[in-house]
Protein chains: 2
Amino acid sequence: MKKSIDKSLEIKQVKPTAMRQLVLDILSKQDHAIGLPELEMQFAQADRTTLYRTLKTFVDKKVIHSIDDGTGTIKYAVCTDTCHCNPSELHVHFYCIKCEKTTCLTDIPIPDIQLPENYFAENINMVVKGLCNRCNKG
Amino acid sequence: MKKSIDKSLEIKQVKPTAMRQLVLDILSKQDHAIGLPELEMQFAQADRTTLYRTLKTFVDKKVIHSIDDGTGTIKYAVCTDTCHCNPSELHVHFYCIKCEKTTCLTDIPIPDIQLPENYFAENINMVVKGLCNRCNKG
DNA sequence: TAATTTGTGCAACCGGGTTGCAAACTTATT
DNA sequence: AATAAGTTTGCAACCCGGTTGCACAAATTA
Ligand SMILES: [Mn+2]
Ligand SMILES: [Mn+2]
Ligand SMILES: [Zn+2]
Ligand SMILES: [Zn+2]
């Protein structure tokens, strides 16, 4: 039986190299979105460029999606197997100013916006900044 | 009669130095949001740090608001005299992938989001990426 | 096998943002 | 007016995430 990691890569048509399996495995185990520097730290020694290009390939092939949370470091989180990253599929993201974690609010779709005449939307980024449920106590 | 620039600064309690008047004047005349590098270019010669700190002061005192449009360069646009940058006052921003201009959709408020239990929203950034009305022809 | 394509590793670079520090300027105190 | 304290500005240097060029390795194709 094939691992789910490999299945994901197969579905999205990405060749399952050792590096890619490793990176996707790490990303899959996260409870929050992580950036390149944080990913780098999860390896004893790894080349930034390779990780960078792995992430880029993953984004291109929609294995993962990128999140600009306003911290200056782009975060990444795995997509569902069926995701095509269309505007209608996108969800809201949350950045906690206390624990500094960025999370996918996968259950909260980005609301429809009525743009002015002749505007065309290709992509939408919506990030709510504040306190997450764990940090908003007391 | 006092210039409107000075009046704005007075309202937001920022001392109207020559530099600040100059910067706010430039920002006021823009039809789109600009970043530090673009602001820098509008001066024959100007120190990046001073402009940087001027922008920072303006953001702190809510003379202007910052926009993370995902390009890697933070953009800035003037606030209204009455703006306090509360989540309820925020509007949607638009980044055109063709003309590469970031604009305030001041008439489009950011829609209310029903966050999960115990989450607290302090700020919201919503950027639509696509083609603006001028570029979306033909 | 040989030729071609794809992936990886290293080094160097880019650019926006940021900090430390000293000089210039402004405001308050004597 | 003279002095002291606070604020603003300018220069230089730095930080760091991201990105590119290039050579080598690995996999794929002919
Ligand atoms: Mn997400
Ligand atoms: Mn705006
Ligand atoms: Zn938190
Ligand atoms: Zn445009």
Side-chain angles (χ1 to χ4, degrees), chain A residues 5-6 9-10 12-27 33-61 63-77 95 100-102 125 127, chain B residues 5-6 9-10 12-27 33-61 63-77 95 100-102 125 127:
Chain A
I5 293 293
D6 291 341
L9 291 175
E10 193 182 335
K12 299 298 175 66
Q13 308 199 49
V14 177
K15 271 194 281 186
T17 66
M19 194 74 236
R20 288 170 181 170
Q21 288 170 329
L22 223 47
V23 170
L24 184 52
D25 188 55
I26 289 173
L27 286 170
I34 66 171
L36 176 52
E38 201 175 341
L39 176 64
E40 217 178 333
M41 288 190 297
Q42 307 235 8
F43 289 81
Q45 56 91 260
D47 178 51
R48 198 160 81 254
T49 311
T50 303
L51 295 176
Y52 165 73
R53 286 198 265 240
T54 300
L55 290 173
K56 198 168 190 182
T57 302
F58 282 179
V59 170
D60 286 349
K61 296 302 185 68
V63 177
I64 62 179
H65 58 279
S66 66
I67 307 146
D68 182 347
D69 59 13
T71 61
T73 309
I74 300 167
K75 305 302 192 309
Y76 303 90
Y95 174 74
E100 300 183 336
K101 284 183 180 172
T102 300
N125 185 37
V127 177
Chain B
I5 293 292
D6 290 342
L9 291 175
E10 193 182 334
K12 299 297 175 66
Q13 308 198 51
V14 177
K15 271 193 282 187
T17 67
M19 194 75 235
R20 288 170 181 170
Q21 288 170 328
L22 224 45
V23 170
L24 183 52
D25 188 54
I26 289 173
L27 287 170
I34 66 171
L36 177 52
E38 201 175 341
L39 176 63
E40 215 178 335
M41 288 190 298
Q42 308 235 7
F43 290 81
Q45 57 92 259
D47 178 51
R48 199 161 79 255
T49 312
T50 304
L51 295 176
Y52 164 72
R53 286 197 267 240
T54 301
L55 290 173
K56 197 169 189 182
T57 302
F58 283 179
V59 170
D60 285 349
K61 295 301 184 68
V63 177
I64 62 179
H65 59 278
S66 66
I67 306 148
D68 182 347
D69 59 14
T71 61
T73 309
I74 300 167
K75 305 301 191 311
Y76 303 89
Y95 173 74
E100 301 184 335
K101 283 184 181 172
T102 301
N125 186 37
V127 177

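Remember, predicted model here, so these are calculated numbers, not experimental data. Here is how names work: the chains are called A, B, and so on, in the same order as the sequence lines, proteins then strands, and each is numbered from 1.
The shortest non-hydrogen separation linking A:Ile67 to A:Ala33 is CD1-CB, 3.6 Å. Of all heavy-atom pairs between B:Ile74 and B:Ser66, the closest is CG2-CB, 3.7 Å.
Between the P atom of C:dT8 and the CZ atom of A:Phe43 lies a distance of 11 Å, rounded to the nearest Å. In this structure, B:Leu51 atom CG and C:dT18 atom P are separated by 14 Å, rounded to whole Å. The CD1 atom of B:Ile74 sits 17 Å away from the P atom of C:dG15 (whole-angstrom rounding). In this structure, CD1 of B:Ile67 is placed 17 Å from P of C:dG16, rounded to the nearest angstrom.
At least one side-chain heavy atom of B:Val23 sits less than 4.5 Å from a side-chain heavy atom of B:Phe43. For the pair B:Leu55/B:Leu27, a side-chain contact is recorded, criterion being any heavy-atom separation below 4.5 Å from C-beta on. With a 4.5 Å cut-off on side-chain heavy atoms, A:Tyr95 and A:Lys101 do not count as touching. A heavy-atom distance below 4.5 Å is found between the side chains of A:Leu36 and A:Leu51. A heavy-atom distance below 4.5 Å is not found between the side chains of B:Lys12 and B:Phe58.
Place B:Lys75 and B:Arg53 on DNA chain C by their nearest nucleotides, and B:Lys75 ends up nearer the 5' end. Where B:Lys56 and A:Lys15 each meet DNA chain C at their nearest nucleotide, the meeting point lying more 5' is that of A:Lys15.
Within 4.0 Å of B:Thr50, counting heavy atoms only, lies at least one base atom of the nucleic acid. Within the 4.0 angstrom heavy-atom criterion, base atoms lie near A:Thr49.
Taking the 5' to 3' direction, DNA chain D first and last meets chain B under 4.0 angstrom from a heavy atom at D:dT7 to D:dA13.
Taking side-chain N and O atoms only, B:Tyr52 has a distance below 4.0 Å to OP1 or OP2 of C:dT18.
Side chain of B:Arg20 to main chain of B:Thr54: no donor-acceptor pair is present (N/O by atom type, distance under 3.5 Å, no hydrogens or angles). Proximity of a side-chain donor or acceptor of A:Asn125 to a complementary backbone N or O of A:Asp68 within less than 3.5 Å is detected.
Taking a 4.0 Å limit (strictly below) on heavy-atom distances, residues 16-25 of chain A does not reach DNA chain D anywhere.
A donor-acceptor contact under 3.5 angstrom links the side-chain atoms of B:Arg48 to the base of C:dG17.
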